[in-house]
2 protein chains.
Amino acid sequence: MEDIEEFKYEPKSVKEIFIEMKNTVELMIDLAYASILFGDKEIAEEVLDLEERMDLLNYQLMTHTVLAARNVKEAEQATTILQMANAIEDISNAAGDLAKMVLEGVELHPIIKETILEGEEIIGRIVVSPDSVLVGRTLGELELASNTGVWIIAVRRGKRWIFGPDKEFRIRAGDILIGRGTRTSIDQLKEIARGVIRVIGNERVRGD
Amino acid sequence: MEDIEEFKYEPKSVKEIFIEMKNTVELMIDLAYASILFGDKEIAEEVLDLEERMDLLNYQLMTHTVLAARNVKEAEQATTILQMANAIEDISNAAGDLAKMVLEGVELHPIIKETILEGEEIIGRIVVSPDSVLVGRTLGELELASNTGVWIIAVRRGKRWIFGPDKEFRIRAGDILIGRGTRTSIDQLKEIARGVIRVIGNERVRGD
């Protein structure tokens with residue numbers, strides 16, 4: 001509760017808070033699987049940090065929603081927002097539980113990693129070579145999710161992690177991208193990142 | 001429990017069951033959001049059916065996992081599978097809770113639909129025209145997730161729903177595809193489905 005008391009009141013609309021909650025919980029699940037796959041405690045810690053952020057967002061959401069209801073009909077409708085927020089919070093907690101498996105340091109059964117690598121959507125690690133057309137371009141310009149089917153959920157730059165990079169994030173040579181997509185998508189992005197494929201998505205020219 | 005007693009024993013590996021659980025829960029969340037977005041009770045019922053399927057899978061998984069452990073080390077590792085299965089089951093329950101909001105028939109707050117339409121990943125409805133290059137091709141051939149960034153989670157064909165269509169599913173004119181992807185991806189697939197864009201992903205020729 002201390003965190004909640006400390007939090008600076010930032011007026012936001014219910015909708016903005018709710019969209020942030022939905023986006024955050026999706027990122028949390030992806031990061032939780034990534035933390036398990038790579039046995040990476042830093043990623044796992046980020047999931048727990050986001051879980052705390054979710055608690056704050058849920059608190060803000062409740063306050064705003066309750067404040068906004070002016071009659072019984074609005075109160076009934078507002079209840080559906082709180083119901084959905086609860087479900088999202090449950091998913092957030094489940095992602096936190098997954099991350100805790102990594103932090104507990106218990107040796108995970110090999111099937112767990114295999115499952116994350118062989119489901120319909122998988123998590124992959126993509127190393128950006130200096131020759132790649134990705135270098136120097138932002139995620140907003142590249143639109144990798146639309147052009148290659150890969151969502152970038154985190155980036156390793158030197159010793160630092162960037163989690164949930166935004167549209168302004170500019171890729172550099174040496175970056176390690178953590179992405180979610182089909183096996184085909186991930187493999188294609190790896191070729192782009194290695195500099196073998198010289199264009200992304202629509203244009204298509206084979207390089208060198 | 002009756003369902004569990006009735007279920008026909010199908011020997012499967014722990015890994016196969018686990019991968020099916022992970023894929024199923026991802027489909028459930030997508031379908032839950034779709035059921036809310038379209039106010040569609042049939043989709044919501046499918047989520048609850050999948051929730052039951054998840055219970056069976058979890059039961060199978062536990063049996064297999066417990067049977068397979070031959071010593072303390074294996075038992076410890078096996079526990080991590082059950083821990084992860086629990087988290088996945090929690091997410092499945094949350095998806096079920098979302099679907100129940102639709103089945104309860106309470107009027108949902110408009111912000112809920114807006115959130116599903118304006119998050120980073122959204123749900124869209126794509127109508128396939130007879131002119132589209134999608135017609136007559138299977139999802140396996142098209143690889144829409146890699147080529148357009150859109151996951152097809154369900155298809156409406158006449159009065160019938162097909163949920164979680166597989167690679168062999170062949171698209172027909174008039175099909176309504178329910179997909180998950182970025183706004184850009186969904187819009188691009190709509191153009192392909194309308195017959196405006198005549199190629200998918202890599203080739204790229206503007207049609208007619």
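Residue numbers begin at 1 in each chain, while the letters A, B, ... track the order of the sequences. It should be emphasised that the depicted structure is a prediction, and the values quoted were computed from it without experimental measurement.
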Do any N or O atoms from the side chain of Asn23(A) and from the backbone of Glu120(B) form a donor-acceptor pair under 3.5 angstrom? yes

Answer with side chain, backbone, both or neither: which region of Glu26(B) has an atom nearer than 4.5 Å to a non-hydrogen atom of chain A? side chain

Between Lys100(A) and chain B, which part of the residue has a heavy atom less than 4.5 Å away: side chain, backbone, both or neither? neither

For His109(A) and Thr80(B), which heavy atoms make the closest approach, and how far apart are they? N-OG1, 3.0 Å

Quick one: closest heavy-atom pair of Ala145(B) and Thr182(A), and the distance? CB-CG2, 3.7 Å

Does any donor atom in the side chain of Glu143(B) or Thr184(A) lie under 3.5 Å from an acceptor atom in the other side chain? yes

Closest-packed option against chain B by number of heavy-atom pairs under 4.5 Å, given Ile19(A), Asp90(A), Leu27(A): Ile19(A)

Side chain / backbone / both / neither for Lys15(A) at chain B, heavy atoms under 4.5 Å: both

Does any heavy atom of chain A fall under 4.5 Å from the side chain of Leu144(B), the backbone, both, or neither of them? neither

Verify, without hydrogens or angle tests, whether Ser146(B) (side chain) and Gly149(A) (backbone) share a donor-acceptor contact under 3.5 angstrom. no

Could you pull out the closest heavy-atom pair between Ala87(A) and Asp97(B), with the gap in Å? CB-CB, 4.5 Å

Considering all heavy atoms of both residues, which atom of Leu108(A) and which atom of Gln77(B) are nearest to each other, and what is their separation? O-NE2, 3.8 Å

Residue Ile186(A) versus chain B: region with a heavy atom under 4.5 Å: neither

Regarding Glu121(B) and Trp151(A), do their side chains bring together a donor and an acceptor under 3.5 Å, going by distance alone? yes

Flag side-chain contact, heavy atom, 4.5 Å: Tyr33(A) against Met84(B): yes

